[in-house]
Structure formats: C-alpha cells, structure tokens
2 protein chains.
Amino acid sequence: MGRWQPNARGRLAQAAMELYSEHGFEQTTVAEIAKRAGLTERTFFRHYADKREVLFAGGSVLEDLFVRAVADAPDSAGPIDAVAAALAAADTVLLDRESARQRQAVIDANAELRERELIKLASLASALTAALRGRGVTDLTASLAAEAGIAVFKVAFARWIAEGERKDLPRLIRESLDELRAVASSLS
Amino acid sequence: MGRWQPNARGRLAQAAMELYSEHGFEQTTVAEIAKRAGLTERTFFRHYADKREVLFAGGSVLEDLFVRAVADAPDSAGPIDAVAAALAAADTVLLDRESARQRQAVIDANAELRERELIKLASLASALTAALRGRGVTDLTASLAAEAGIAVFKVAFARWIAEGERKDLPRLIRESLDELRAVASSLS
DNA sequence: GAGACCGATGTCAGTCGCTGTCATCGTCAT
DNA sequence: ATGACGATGACAGCGACTGACATCGGTCTC
C-alpha cells in the first residue's frame, strides 16, 4: 500500500457532499471537509480551486458530450437540430435522478452555488456556440441556437428533478424544444 | 453641512469603478476603495453586501422596467411579444454606451464578476417569468419565453457593446429576436 | 543497491473578504 | 436641554485561500 489512502480527490468530494447536505454549504468549513476525508485543508485546495468547485468538477464531462454530439450531427441537420441532438445525449450522463436531486437541493439552497452553476451553464453555451461555428454556422445564429438550447436544457432539467415528475429526461427535452418553437414562432 | 460628506454610497461606487478599471478587480482591496472614498472598510460593507455588488446595484432598475413593460403590454400580445416589448424598453435605461463598455470590460476580465452578472440575468429571467404568469401564461411557456428573451438580450447587448458596432440597441434586439424565430422554427 | 529525484501531502504564516459589537457624535423632535 | 436616532469609526475575529518550505514513500539511474 502506498504512503496515502487512495482516491483523495473522491474522498474530498464525498465528504463535501455529505457535509453540505447535512449542515448546509455556508455552515461547512473546508477544514471540516478535509478532516472527514482524512486530509488537511491545504490539500483540499490542491484538488479543488475553491469550496464550490467540488460540486461542479464533473461538469466537463457533460460539456465534452455536448460538443461531440454537435460535431457528430449529420451535415443535413440545421443548428437547432444539432443542439437538440446534443441535449438528447445528456441522459447518457445524467443517470441517477436521486443524486441529481440531492445535489440540486444543495445548490438551490445557496446563492454562491447558484452563481457557480450559472457560469458552468454559460460555459456550456459557449462550448455549444463554438461547436456550431465549427459546422460553419454564423456567429449570431450559433449564439442564439446555443443559448436557446441551454434555456431548454435548464427548463427540462428542472422538470426532471421536480418532485412527482415521472417523464424521462429525453422526453422532457423534446417537449421543451417543441414549446420553444411554438413560443418563438408566434413572434409578431 | 452635515457631519459627513454627502453621497457616501455614490463615492464608494465611483472609487470602486476607478480602481477596478485601473488595477483590476482582484488587485483592488475594499480598504483601498473605502480610503479613496474617504470612508472605512466597514462602511463599504454597510452600503454594499460584498465587493462585487458595487458594480451591480443598479440592476434592479432594469428589472423593474422589464416587469412593468410586460405587465403593461396589451392583452392581445402573446408571451414572446410581451417579452419583446420589455426588451425594447431597455434602451431608456442603457443610455451611455461608453460607460456600459467600460463596466463590461471590468466584468469580462474577472470570473467572479461574470458569475455575479449571470445571477443578475437569471434574476431578470425569473422576474420576467413571474410577470408573464401574471398575464395568465402557463409555467412552461412563461419560463421558455423569459429564458429565450434573456438569451436574446444577452446576444444583442454584447453586439451593442462590441467595438465598431454602429446600430442602436433596439435595432439589435429586433434583429436577434428575428434570428431566434428563424432558428427555432427550423426545428425538425 | 545507494543515492538522486519526484509527487502527494503536511505545516505554518499571512492576506483579505466579511461580520458582530460597541463607541462616537451631529441632528432632530419634544 | 435632553434623549432618541442614524451614519460612521474602531476593533476583534472567523474562514477562504495562497505561498513557501518540509516530509517521505516510490521510482529511476547508474
């Protein structure tokens, strides 16, 4: 066995999630997280840039997935269809509704965490925009297709997480996309 | 004359904007801002909840404007038209492109400030959603119309701010709305 | 296999954002 | 006058985050 217990990063993430759930984000100190993980505060900051990041580090997986899905969409697909294909791929990564719900409850309970979540979504939108431009879509169109796509994702994800919701994520995404089309096309 | 110089809040805001522009947001300490305004650090935090808020305190004006515009839209207007009317009213509050540009440069240069900006935009979207629901629009439709409207606003504002852009804000908003309609209606 | 090197962690001191608490002192109503 | 009020100052303290240096198993080199 090595000098240290394995998977320090994972232990920190789990300890943080537990403490944030039990006592709330603000009431939890980094020293407490590190102690529960059997490490020091300084080591926490070597693995995560700040106290919030421990909840969002997994987000890059979703971003990669979206970007690849847009790139892989058939040439015949228009911008919004390519985005729709990307959103549809989300359910291969968002499997466990219960843990998503718990994580979201922690985030929703704290303004700083909501801020971080928003910047992650904005980064997702940027990545989608860049991916669309890689398909030859113009700037303005790419931006709006990406932003609108993220709006759809936000709405659909919130419904998926909601208590009592029984539909699966792809279906909610499809419904939200259809609603967006209906809303936008009624512009006079 | 009173015991103190007048308009402490305004002096703090101006000092902060100057220092953030000159040395950057992170390199500026609250003590420095307070000193330039002839006050103490403690007093800064009596006027602004945190170091970032001094750049965003004016945002509630825009929110009020949007909400009132949605509420005042004619009954015949659909959700997206009511949102369009709200966005169109933005130029009565965003008058000085140059100071908007300078403020945006400060914000764009710092991740924490971008986070704060995003949560203000999200709050704007919530307010729009609530205003739409007050018109009898259903939840899903209201959310999507509001989110899509904010997406349009973001894109149009960014273009307005951009170097070399000569069109005015209402026109850019109109163009972005039209583009959104075109993008969304092409969903297959 | 001895020693140089490496990488994850610990230790410690320090800065800064932010808060609670109490003191200060013009102003204003009575 | 006097006492309540309100904006500010003074001060102590907590916690997030950082930089610098030490520690010590594992690994590589010769």
Side-chain angles (χ1 to χ4, degrees), chain A residues 1-57 106-107 109-117 119-120, chain B residues 1-57 106-107 109-117 119-120:
Chain A
M1 198 173 76
R3 182 177 174 192
W4 301 283
Q5 300 297 314
N7 194 23
R9 190 180 168 89
R11 273 151 48 215
L12 286 167
Q14 185 181 345
M17 186 63 211
E18 291 170 7
L19 288 167
Y20 293 170
S21 281
E22 291 169 18
H23 309 126
F25 175 77
E26 287 180 6
Q27 282 62 47
T28 303
T29 70
V30 174
E32 288 166 0
I33 298 169
K35 185 172 182 181
R36 177 170 299 204
L39 296 164
T40 65
E41 189 180 353
R42 190 69 184 86
T43 297
F44 177 93
F45 288 109
R46 288 200 178 95
H47 285 279
Y48 298 101
D50 61 56
K51 192 184 165 188
R52 285 170 275 172
E53 193 60 20
V54 64
L55 286 179
F56 296 94
V106 171
I107 293 170
N110 181 269
E112 288 181 61
L113 292 173
R114 285 197 303 269
E115 289 189 355
R116 177 58 52 87
E117 182 183 35
I119 214 168
K120 294 293 182 181
Chain B
M1 200 173 75
R3 182 178 173 192
W4 300 282
Q5 300 296 316
N7 194 23
R9 191 180 167 89
R11 273 152 47 215
L12 286 167
Q14 186 181 344
M17 186 63 209
E18 290 169 7
L19 289 168
Y20 293 170
S21 281
E22 292 170 17
H23 309 127
F25 174 77
E26 287 179 3
Q27 281 63 46
T28 303
T29 71
V30 175
E32 288 166 359
I33 299 169
K35 185 173 182 182
R36 177 170 297 205
L39 295 165
T40 64
E41 188 180 355
R42 189 68 184 86
T43 297
F44 176 95
F45 287 110
R46 288 199 177 95
H47 286 279
Y48 298 100
D50 60 57
K51 192 184 166 188
R52 284 170 277 172
E53 193 61 18
V54 65
L55 285 180
F56 296 94
V106 170
I107 293 170
N110 180 270
E112 288 180 62
L113 291 174
R114 286 198 301 270
E115 290 189 352
R116 177 58 53 89
E117 182 183 34
I119 214 167
K120 294 292 182 182

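All chains are named by letter (A, B, ...) in the order of the sequence lines, taking the proteins before the strands, and each is independently numbered beginning at 1. As the structure is a prediction and not an experimental result, all values here were calculated from the model.
With sequence neighbours left out, B/Ala109 forms a side-chain contact (heavy atoms from CB on, under 4.5 Å) with no residue at all. For the side-chain hydrogen bond (donor to acceptor under 3.5 Å, both in side chains) test, no residue two or more places apart in sequence or in another chain qualifies with B/Thr28.
Heavy-atom distances under 4.0 Å link DNA chain D to no residue of residues 9-23 of chain B.
Between A/Gln27 atom CD and C/dC18 atom P the separation is 17 Å, expressed in whole Å. The CD atom of A/Gln5 sits 11 Å away from the P atom of C/dG10 (whole-angstrom rounding). Atom CG in B/Asn7 sits roughly 10 Å away from atom P in D/dT8 (whole-Å rounding). Rounded to whole angstrom, the span from the NZ atom of B/Lys35 across to the P atom of D/dA10 amounts to 13 Å.
Two residues are said to be in side-chain contact when any heavy atoms from C-beta on lie closer than 4.5 Å; A/Glu117 and A/Arg52 fail this criterion.
Nearest heavy atom pair, residue A/Ala111 against residue B/Ile119, reads O-CD1, 3.7 Å. Nearest approach of A/Ala37 to A/Leu12, heavy atoms of both residues: CB-CD2, 3.7 Å.
Across A/Leu55, A/Ile33, A/Val30, A/Val54, a single residue satisfies side chain to side chain contact (heavy atoms under 4.5 Å, CB included) together with A/Tyr48, and that is A/Val54.
Side-chain nitrogen and oxygen atoms of A/Thr40 include at least one within less than 4.0 Å of the OP1 or OP2 phosphate oxygen of C/dG10.
The list of salt bridge (charged side-chain N to carboxylate O under 4.0 Å, His left out) pairs with a residue in residues 19-34 of chain B, not counting sequence neighbours, reads B/Glu22-B/Arg36. Among pairs with a residue in residues 6-16 of chain A, those fulfilling side-chain hydrogen bond (donor to acceptor under 3.5 Å, both in side chains) read A/Gln14-A/Glu18, at least two apart in sequence or across chains.
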For nucleotides 14-24 of chain D, give me one character per nucleotide, 5' to 3': B if any protein heavy atom sits under 4.0 Å from the base, S if the only such contacts are to the sugar-phosphate, - if neither. --SBBBB--BB

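Side chain of A/His47, nearest nucleotide from C/dG10, C/dT9, D/dG9: C/dT9.
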